[in-house]
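Just so you know, these numbers come straight off a predicted model, no measurement behind them.
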Amino acid sequence: MSRLPPLPESDLTDAQRRAADAIVSGPRGGLRGPFPAMLRSPELAERAARLGEFLRFGTSLPPRLSEMAILMTARAWTAQYEWYAHAPLARKGGLSESVIEAIRTGRRPEAMQPDEAALYDFCAELHATHGVSDPVYARAVEAFGETGVVEIIGLCGYYVLVAMTLNVAQVPLPEGVAPPLAD
């Protein structure tokens, strides 16, 4: 059971109802993941949802790479629900099963496309050291441009917020789904 379970519809304040309606009417089409917990602060929930929409659907990165960055963040934070929700999206976006599995088990994937390798090294170093070295940064700028690099930083940062919310709220996986990530 979640520490911050979905609020009953009848108990929502006007601000919470407006935030929930805005989230549901967006491209997500539902109020799940961190958003039932975040509704305790409706302005945070609504602003986070808008930022998340941009990062998921509006960056210069193809879904294969944005979902890879999300999976790396989920792995770094052992965010079970985040992994559960985004691994299928990574597959749909074209990320290979071998890359997904390596990230899931905490290994550097052996067979990556050059842009995947640049993204992997950038995200791995960012999560491990809270910064990136000059060579890793230069390789990322060469692969993605400055706009792409800033968007990768945004993806990692936003999904840390999501991971922290999911983990603290203890958002459960659906019935019968085993945790995909080892501690």
Side-chain angles (χ1 to χ4, degrees), residues 23 26-28 33-35 38 44-169 171 179-183:
I23 294 166
R28 284 180 186 83
F35 295 106
M38 282 185 180
L44 173 63
E46 194 169 355
R47 289 176 186 231
R50 284 196 311 263
L51 177 58
E53 286 173 15
F54 167 72
L55 291 167
R56 283 236 0 248
F57 308 111
T59 70
S60 62
L61 302 169
R64 169 178 59 86
L65 296 176
S66 59
E67 293 297 334
M68 183 177 172
I70 295 166
L71 290 183
M72 292 189 67
T73 304
R75 175 63 277 176
W77 282 82
T78 315
Q80 304 289 354
Y81 191 95
E82 189 169 272
W83 185 277
Y84 157 80
H86 285 275
L89 298 172
R91 286 182 193 96
K92 183 179 176 186
L95 193 61
S96 75
E97 194 60 43
S98 66
V99 170
I100 293 169
E101 181 60 14
I103 293 169
R104 187 186 73 77
T105 58
R107 295 177 290 112
R108 188 178 197 284
E110 292 179 19
M112 289 186 280
Q113 297 177 40
D115 58 354
E116 293 169 352
L119 182 108
Y120 181 91
D121 292 342
F122 187 91
C123 293
E125 194 168 308
L126 179 59
H127 286 298
T129 70
H130 308 141
V132 295
S133 62
D134 288 341
V136 167
Y137 177 79
R139 198 160 130 231
V141 169
E142 184 178 321
F144 310 113
E146 289 180 337
T147 298
V149 168
V150 169
E151 291 169 347
I152 293 165
I153 297 165
L155 278 159
C156 291
Y158 174 77
Y159 280 94
V160 166
L161 168 65
V162 170
M164 291 189 324
T165 303
L166 293 167
N167 287 353
V168 170
V171 174
L181 302 173
D183 287 335

Practice task
Mind listing the closest non-hydrogen atom pair of M38 and A48 along with its distance?
Solution key: SD-CB, 3.9 Å
Problem - E142, CD: over 12 other non-hydrogen atoms inside 6.0 angstrom - result: no
Problem - Closest contact, heavy atoms only, G33 versus V171 - result: O-CG2, 3.9 Å
Handout entry: Under 3.5 Å: donor-acceptor pair, side chain of E151, backbone of L55
Key = no
Practice task
Check whether any side-chain N or O of R28 sits under 3.5 Å from a backbone N or O of A49 as a donor-acceptor pair, and report yes or no.
Solution key: yes
Exercise for the section: Check side-chain hydrogen bond (donor to acceptor under 3.5 Å, both in side chains) between T73 and all other residues, then give those that pass, not counting sequence neighbours. Expected result: H127
Fill in the blank from the handout: Nearest heavy-atom approach of L155 to L61 is CD1-CD1, 3.7 Å
Practice task
May I ask you to check whether over 12 heavy atoms, not counting those of R47, lie within 6.0 Å of atom CZ?
Solution key: no
Exercise for the section: State whether the number of non-hydrogen atoms from other residues, nucleotides or ligands found under 6.0 Å of E97 atom CD is greater than 12. Expected result: yes
Handout entry: Short side-chain to backbone donor-acceptor contact, E67 and L89, under 3.5 Å
Key = no
Practice task
Heavy atoms only: give me the nearest A87-I100 pair and the separation to one decimal.
Solution key: O-CD1, 4.2 Å
Practice task
Say whether, by atom type as modelled, one donor and one acceptor occur between the side chain of R104 and the main chain of P180 under 3.5 angstrom.
Solution key: yes
Handout entry: Minimum heavy-atom distance between C123 and C156, given as atom pair plus value
Key = SG-SG, 3.6 Å
Exercise for the section: Show the numbers, then the answer: is there a side chain to side chain donor-acceptor pair (under 3.5 Å) between S98 and E110? Expected result: CA-CA 8 Å; S98 66; E110 292 179 19; over 6 Å; no
Handout entry: Carboxylate-amine/guanidinium proximity below 4.0 Å for R64 and E116
Key = yes
Fill in the blank from the handout: So ring pair (Phe, Tyr, Trp, His ring centres under 6.0 Å) across residues 47-81, not counting sequence neighbours, yields Y81-Y84
Exercise for the section: Check G93 against P63 and note the closest heavy-atom contact, atom names and distance. Expected result: CA-CB, 4.1 Å
Problem - Side-chain donor or acceptor of T129 paired with backbone N/O of L126 under 3.5 Å - result: no
Problem - Flag, side chain of R139 to backbone of A117, donor-acceptor distance under 3.5 Å - result: yes
